[in-house]
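To start, the structure under review is shown below, and the notes come after it.
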Amino acid sequence: MHSLVDTATLERPAAAPASRSVSLVFTGSGGAGAMTAGQILLDAAAKAGFYGLMSRSMGPQIRGGEAAAMLRLSNRPVAALGDGFDLLVAFDWGSVARFAAELPLGPKSLVLVDDEQGETPAFVVASGAEVLCLAFERTAEAIPDGRVNMVGVGAAARLIGLDPDGLVAAIETKLGRKGAATIAAAKAAIEAGERLVAEHPPVARLGRGEGSADGRWNISGNEATGLGAIRGGIGFVAAYPITPSTEILEWMAPALERTGGVLVQAEDELASINMIIGASFSGVPSMTATSGPGLSLMSESLGLAVASETPVVVVDVMRGGPSTGIPTKSEQSDLAIALDGLHGDAPHLVLAPNSIDDCLATTQWAVHLAEKLQTPAIVLSDQSLGQSRVVTDRPPDRPYRAERLVAAADTANYRRYAVTESGVSPMAIPGTPGLAHVADGLEHSERGTPSAAAADHQRQLDKRQGKLDRCDYGADWADVEGDGAVAIVTWGSVTGPAREAAARLRARGEEVRLISLRLLAPARPVEMAAALSGVERLLVVEQSHSKQFLKYLRANYDLPTATKSFARPGPLPVRPVEIEARLSDWSMQ
Amino acid sequence: MHSLVDTATLERPAAAPASRSVSLVFTGSGGAGAMTAGQILLDAAAKAGFYGLMSRSMGPQIRGGEAAAMLRLSNRPVAALGDGFDLLVAFDWGSVARFAAELPLGPKSLVLVDDEQGETPAFVVASGAEVLCLAFERTAEAIPDGRVNMVGVGAAARLIGLDPDGLVAAIETKLGRKGAATIAAAKAAIEAGERLVAEHPPVARLGRGEGSADGRWNISGNEATGLGAIRGGIGFVAAYPITPSTEILEWMAPALERTGGVLVQAEDELASINMIIGASFSGVPSMTATSGPGLSLMSESLGLAVASETPVVVVDVMRGGPSTGIPTKSEQSDLAIALDGLHGDAPHLVLAPNSIDDCLATTQWAVHLAEKLQTPAIVLSDQSLGQSRVVTDRPPDRPYRAERLVAAADTANYRRYAVTESGVSPMAIPGTPGLAHVADGLEHSERGTPSAAAADHQRQLDKRQGKLDRCDYGADWADVEGDGAVAIVTWGSVTGPAREAAARLRARGEEVRLISLRLLAPARPVEMAAALSGVERLLVVEQSHSKQFLKYLRANYDLPTATKSFARPGPLPVRPVEIEARLSDWSMQ
Amino acid sequence: MSIRGNLALRQDAPAPLRAADFRSDVDPIWCPGCGHHALLLAVTTALAELGVAHENVAFVSGIGCSSRIPAYTNVYGFHGVHGRALPTATGVKLARPDLTVIAAGGDGDGLSIGGNHFTHACRRNVDMTYIVMDNQVYGMTKGQASPTTSADWSGSKLTPHGTGISPVEPARLALVAGANFIARGFSGQPKEVAKLIVAAVRHPGFSFVHVLSPCVTYRKEQREWKHAVHPSLDAAPPSRMDEAMHRLADDDGFTTGILFSGDRPAFAPDRQQRMAIGSFDAQFAA
Amino acid sequence: MSIRGNLALRQDAPAPLRAADFRSDVDPIWCPGCGHHALLLAVTTALAELGVAHENVAFVSGIGCSSRIPAYTNVYGFHGVHGRALPTATGVKLARPDLTVIAAGGDGDGLSIGGNHFTHACRRNVDMTYIVMDNQVYGMTKGQASPTTSADWSGSKLTPHGTGISPVEPARLALVAGANFIARGFSGQPKEVAKLIVAAVRHPGFSFVHVLSPCVTYRKEQREWKHAVHPSLDAAPPSRMDEAMHRLADDDGFTTGILFSGDRPAFAPDRQQRMAIGSFDAQFAA
Ligand SMILES: Cc1ncc(C[n+]2csc(CCOP(=O)(O)OP(=O)(O)O)c2C)c(N)n1
Ligand SMILES: Cc1ncc(C[n+]2csc(CCOP(=O)(O)OP(=O)(O)O)c2C)c(N)n1
Ligand code: SF4
Ligand code: SF4
Ligand SMILES: [Mg+2]
Ligand SMILES: [Mg+2]
């Protein structure tokens with residue numbers, strides 16, 4: 001068993017009548033439809049009044065490779081995958097062993113598999129899970145147009161005790177356009193699936209959720225990022241496709257068409273970043289989305305945005321690195337380059353959403369801040385946020401809009417880079433009479449004329465750093481939750497499991513503080529000192545190999561002597577139980 | 001007076017008969033020949049048995065702009081410019097005021113200027129320096145083919161009391177090829193210049209140095225870098241021109257031609273870095289040279305070199321940033337990007353020469369380490385090292401050569417990325433039978449096959465970090481000099497003034513330690529702890545605005561509580577007196 | 001605001017403007033005698049002739065001696081990084097179709113490091129004008145070979161025996177890449193160059209003006225260009241790519257005038273707002 | 001070691017090799033039916049036909065479905081980053097002229113992000129072969145338009161009404177950029193493609209082989225290419241650039257065969273060692 005998780009602690013209760021939370025996964029080779037199965041079950045759970053989350057994991061094959069849809073459903077908002085899976089539905093064994101480490105199973109887990117698949121993979125056997133071989137394939141074949149994944153959905157729904165109404169509604173919404181016959185076939189397959197496991201005791205009894213789908217959202221992180229960008233005021237996007245960020249562009253292209261904006265596919269990332277700099281210089285809030293390799297290519301021109309004081313937003317949906325790395329899997333290892341990847345002294349903004357739905361608010365805030373401070377903002381999302389879907393309460397509206405400080409026409413003696421109290425200088429937008437000037441990446445005087453003088457350099461460096469340092473970022477710089485002398489500090493997607501670990505400890509009566517940084521640069525020493533005040537033990541949690549977040553914290557903040565790091569590279573998600581264990585036993589490495 | 005230096009402390013003694021050290025500067029508009037004047041005086045001082053150093057400062061004009069040749073000559077090795085200038089020779093006032101901040105003058109300074117130049121610039125007046133108006137131009141005109149800069153050289157040589165023999169020898173070497181008439185004209189102009197100031201008391205009395213030019217070198221940092229590269233074993237260079245690194249290429253192109261290597265001018269920096277990766281993959285130690293903007297563009301492919309474990313050396317001759325910044329002036333602000341500018345967890349080497357002649361040894365060491373550890377090495381030089389010349393003792397030969405761990409033909413079951421004890425895996429060079437494999441920037445198994453498995457990722461990340469951490473770097477990781485509870489920690493070109501400041505304090509009987517890091521990455525916590533042991537007060541000195549070096553130190557090392565930073569951006573050089581002052585008065589910011 | 005081609009005209013029609021009305025008070029850093037001085041005059045003359053309002057022109061460049069040009073005019077300018085003038089200009093024009101967008105820079109900036117953007121800008125055919133100030137050398141970095149340098153030029157220490165590499169002919173490259181208008185001029189003839197720039201700006205889509213502009217410091221021999229250039233003898237420039245390929249196949253690289261005048265419509269994404277931002281929410285109802 | 005053109009021949013002459021002798025044991029990640037499978041066969045067939053020793057071939061690629069190809073052969077391979085196969089291959093060949101160097105990749109890799117290296121590699125004329133596996137789409141990132149995609153293809157969510165941008169014709173671009181050998185093939189005809197690759201590798205200087213290779217997942221309509229391609233009717237390919245420009249001006253983009261066969265000598269810097277390293281010291285005597 002490759003899992004790093006101690007699966008003995010899995011939550012599934014022996015004959016759990018009251019369980020209102022369940023983790024399950026569908027796996028299968030490309031054609032099997034594991035993703036659709038997961039999607040429909042998530043929709044169904046939402047319609048039945050549950051919260052939930054679905055992550056995806058894919059093999060390297062473009063088509064026909066193995067895929068896993070990992071779900072967690074609950075009557076409480078779900079922030080992360082659980083510690084392991086209660087139920088694994090395998091349409092075929094295929095190369096499922098490649099996912100072994102991503103599929104923690106335990107003796108209490110139940111595994112369903114097609115009964116013609118032959119030998120059970122070693123990691124399943126080793127887990128001690130109960131394996132049930134079912135006639136998935138033959139059952140599907142017996143139904144006209146019946147698909148095996150729908151049989152699996154039926155079996156799973158039954159075993160987790162999900163109210164069947166939601167399932168019917170989900171099918172009708174999802175397959176509505178495909179006509180009555182398709183819907184009928186799907187329903188028949190689902191019912192057949194339910195019958196297949198009718199005799200088996202359920203792994204959970206979800207029933208109906210207390211809530212209702214009304215007012216709830218079902219959204220992916222990449223969609224939320226796109227929506228946040230548009231709400232913030234983005235009117236121009238130039239980008240070059242790259243996994244796992246492309247869905248942001250796919251969502252934004254039609255959306256911008258409707259809002260009167262433009263999205264262009266650029267020839268490469270050097271073009272994307274310079275196109276958005278040009279568009280922003282001309283007055284339109286602009287953005288690009290990419291992943292690590294693309295962000296690397298933008299380094300030089302991000303510096304241009306800093307020096308010329310042109311606001312732009314760059315979303316990096318992180319994947320495994322270095323280099324091409326692991327393009328389809330998640331990691332938090334672009335933190336260092338986002339913070340420090342620009343030559344020269346180039347202060348800029350770095351923000352990170354810390355949940356799937358927070359992609360909306362954080363991206364929107366990034367647009368607002370970039371525009372307000374006339375500087376580039378890098379937003380660090382990752383594959384596990386971007387490509388996962390969540391069923392959640394409708395995210396609240398935030399006041400963050402692009403509001404640029406603009407100079408009035410014919411201002412006398414206009415100086416583009418005038419030193420002001422805030423450090424922000426009114427920007428002249430092309431088309432405004434009397435303010436023509438040249439924005440420049442060379443060091444310059446206040447007027448914008450190139451200058452190599454020490455005094456001009458110092459003045460402009462002070463100004464560019466000062467405007468970031470002096471800005472009031474309010475309470476959103478971090479989520480600080482709970483109290484006590486023990487704290488977890490983390491960022492981004494790892495916040496989900498950290499939050500859950502903290503909640504579990506609190507449920508046991510222990511005080512735990514959670515500090516999840518949303519604004520990573522500029523550093524906020526005063527706010528951080530307050531957040532850390534009284535903390536004696538600090539656990540730094542991140543998904544990187546070289547402890548990038550720990551180093552960032554050490555460089556910028558004063559940390560308690562008893563500071564400990566839990567850092568692991570991708571692609572395995574950090575599980576709540578792992579954080580919990582390290583908090584419970586401080587001697588654990 | 002714009003200078004940040006307290007010029008009241010200038011060294012020039014009132015009627016100093018025994019002074020054996022002098023600082024002087026020639027300025028003039030492009031055509032005046034200030035650089036040649038400086039060059040000849042430096043050569044002459046060398047031939048007369050002195051050590052010396054010459055830095056250059058240029059205006060933005062391509063041709064005809066203002067230029068300054070800043071010299072320091074001494075009977076001891078010279079590590080840095082002094083605190084200010086004893087003598088300024090201005091062929092014209094031109095735009096010399098632009099250099100004001102770079103030309104610290106004081107009441108004891110002497111300024112020579114052509115007597116037809118009109119009003120003395122305010123900063124000269126404010127300095128209280130004595131101004132002597134001389135008939136430079138008319139004197140030159142009176143001599144057939146006489147050039148004004150030679151008149152200036154003569155006047156300067158006389159005023160610093162330099163033995164005239166060296167001057168004659170320097171002229172003959174420098175102008176030898178131009179024929180006897182040119183030499184005669186130059187000599188006549190020099191003599192006329194000497195006569196012009198015959199009545200004025202000298203500012204110094206150098207006379208003859210104790211040493212001899214024999215065995216000494218006169219070399220620029222960029223040349224030393226090129227020589228170090230070739231000595232290390234570089235056989236292939238691809239690069240794109242950029243100030244202030246181009247002289248490295250200009251020196252290496254003919255040198256490589258002679259050693260059987262190749263230098264190609266690439267279409268851009270993306271091409272340069274990938275060309276050298278290709279060349280190195282094929283077995284030839286390879287290098288490029290660039291400056292900040294070019295290094296930025298190489299970020300992505302540096303990560304490829306890390307992941308594919310292909311050794312390459314990238315020299316960054318730093319200039320003012322961010323963006324295009326101040327291309328002709330020095331700064332240490334590419335430290336952050338050199339350390340952290342790669343996406344993903346991408347451990348690599350970062351080294352920095354800490355004197356002009358150390359460019360040789362450090363570059364040579366970088367070639368050795370990159371090849372030994374199969375990873376990219378970034379060498380951080382800067383404009384003030386690269387474009388300055390030094391007269392110094394012949395640098396000792398170092399044993400550092402490119403020695404790559406190579407796999408033997410037909411090795412059974414060859415795995416390119418095999419996990420070994422050192423972390424270094426034998427590399428198969430194309431042409432070797434039986435070892436064909438694919439080097440890959442995707443994460444991979446030991447064999448090199450792409451893999452998204454957590455276990456392979458962890459294994460290769462461990463290996464790539466481990467090989468750097470476990471290497472024995474010996475004593476060269478830093479220069480640790482002196483003892484005591486007060487220490488300066490610095491790196492790169494700022495080491496020169498720091499070393500001099502420490503020497504001055506020691507001369508006054510105070511104990512001062514100097515720690516100058518040559519190996520910046522990987523961090524050396526054990527060695528650093530030893531170097532810092534017993535230190536109670538630590539002054540961190542660097543030439544950056546955002547305290548990049550301080551942050552690096554905090555992130556990686558445990559520093560004394562009483563750690564203080566002296567950080568200033570370029571282009572003004574850090575002066576010894578400034579460091580001295582901060583050490584003497586700990587309360588000073 | 002009236003928009004025609006890549007042209008944001010003045011609304012108020014005051015006295016006709018002259019070239020000097022488009023010069024800023026910044027002194028060029030260029031060497032005395034550099035071809036770029038005359039090219040600057042050509043640009044300001046063209047701007048005056050076009051009758052554009054200062055504030056409606058965006059003049060974008062990269063890095064190089066040539067790329068300093070925007071600062072010497074008094075329209076809106078953006079002096080970006082080396083090689084990226086064209087994507088920057090593309091962003092400006094796509095975001096603000098009402099502006100007249102001109103990009104300029106050197107042969108190194110536009111054809112070496114910026115070469116990819118050049119071919120893609122030609123292909124994309126956004127309504128803007130690109131001027132390459134070609135001196136067949138990197139002036140700013142003190143004289144290295146560029147993509148237009150002839151194979152036997154041995155004036156750089158990096159290529160002391162010549163580059164050994166055939167130069168690329170920018171007009172040919174622009175044509176097969178898809179530029180919609182191609183002209184060639186010589187900075188020694190600033191009035192003619194001004195006319196070409198006027199025609200280029202007025203032409204819809206991506207217009208490319210290749211100007212031979214001597215570097216008197218590193219390529220003194222280029223003073224001879226004045227004897228080499230000769231106007232095109234064609235009555236009218238070709239308007240089809242195949243036709244133009246046939247003509248350029250036989251061109252010597254010194255023909256001045258309009259070499260191609262295509263009729264592809266400019267790339268201009270539809271910009272009408274149809275929907276309020278809030279209305280996206282419905283998509284996400286659980 | 002015998003070196004002729006871009007060709008490192010086997011020294012030992014054992015039994016003739018077959019295509020299968022150049023396949024590795026790694027399974028392609030490609031979709032069933034993808035054109036790249038047949039192209040792989042063409043490459044291995046060509047290697048066998050060329051009679052090169054496995055260890056003397058360097059096969060370099062970028063990123064994309066196509067760019068995975070080196071791992072499926074058993075020669076030395078380098079799978080680099082997106083768009084940079086050509087500079088990497090250039091470095092290999094300049095450092096090791098004794099190796100046979102082949103680079104390959106997709107239309108996105110080679111003509112979009114890698115477009116600058118493409119034109120400069122053509123110009124530089126280093127003795128190596130470049131194969132573009134053109135499916136007019138980004139397969140790996142799930143179906144976006146590439147520089148060769150026709151303007152009206154609306155299959156991508158990023159360009160739902162078509163790109164509106166004229167595609168570039170790679171052979172034309174290669175020609176004006178300066179490639180010394182240009183051929184076009186169709187992966188549905190692997191034997192013919194193999195022959196083109198053999199001719200390309202044997203030709204001195206930079207040889208470009210443009211292969212139409214259908215993406216059956218995102219461009220199902222490309223299955224029809226088999227009806228569109230037709231062999232060149234020319235007796236012999238043109239050898240002068242002007243001549244070839246005239247021919248390509250009238251080409252429909254589906255002509256297969258050798259389209260240009262130039263005679264520029266390959267760029268190959270002199271590599272003779274004349275001086276010991278220590279002898280540089282004298283330069284620096286004070
Ligand atoms: C990324 C980057 N690489 C290199 C440089 C150095 N550089 C500045 S201008 C220039 C070339 C200038 O040549 P060209 O564009 O032909 O303009 P010219 O000076 O000849 O007018 C180079 C290589 C740079 N500024 N940025
Ligand atoms: C710097 C960078 N940008 C983007 C990507 C994402 N990416 C991977 S392959 C690819 C395009 C593949 O298209 P093509 O080269 O035509 O090959 P195909 O898959 O069609 O064979 C892209 C955009 C990347 N890996 N690196
Ligand atoms: S170096 Fe050449 S291009 Fe640059 S300003 Fe001087 S003459 Fe002009
Ligand atoms: S997506 Fe297209 S190009 Fe990629 S493997 Fe599948 S068929 Fe081939
Ligand atoms: Mg030029
Ligand atoms: Mg493709």
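Worth saying up front: this structure is predicted, and the values here are computed from it rather than measured. Labels below follow one simple rule: chain letters A, B, ... track the order of the sequence lines, proteins then strands, and each chain is numbered from 1. Quick note: numbers below take in every heavy atom, side chains included, and nothing from hydrogens, waters or symmetry partners.
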Given a strict heavy-atom distance threshold of 4.5 Å, which part of [X] is in contact with chain B: side chain, backbone, both, or neither?
X        : value
D:Arg68  : side chain
D:Asn116 : both
D:Val75  : backbone
D:Phe59  : neither

Which atom pair, heavy atoms only, marks the closest approach of [X] to [Y]?
X        : Y        : result
D:His79  : B:Leu304 : O-CD1, 4.2 Å
D:Phe267 : B:Val264 : CE2-CG1, 4.1 Å
B:Val438 : D:Ala71  : CG2-CA, 3.6 Å
B:Ser282 : D:Leu99  : CB-CD1, 4.3 Å

Query - Close side-chain approach of B:Ile429 to D:Tyr76, heavy-atom, < 4.5 Å - result: no
Query raised in the report: Is there a side-chain contact between B:Glu267 and D:Leu86 (heavy atoms, below 4.5 Å)?
Result: no
**Report entry** CA sep, side-chain torsions, deciding dist, call: B:Asn274, D:Phe78, side-chain contact (heavy atoms from CB on, under 4.5 Å)
**Finding:** CA-CA 11 Å; B:Asn274 283 285; D:Phe78 193 91; 5.9 Å; no
Report task. Examine whether an atom of B:Asp214 lies under 4.5 Å from a heavy atom of chain D, and if so say whether it belongs to the side chain, the backbone or both; otherwise answer neither. Result -> neither
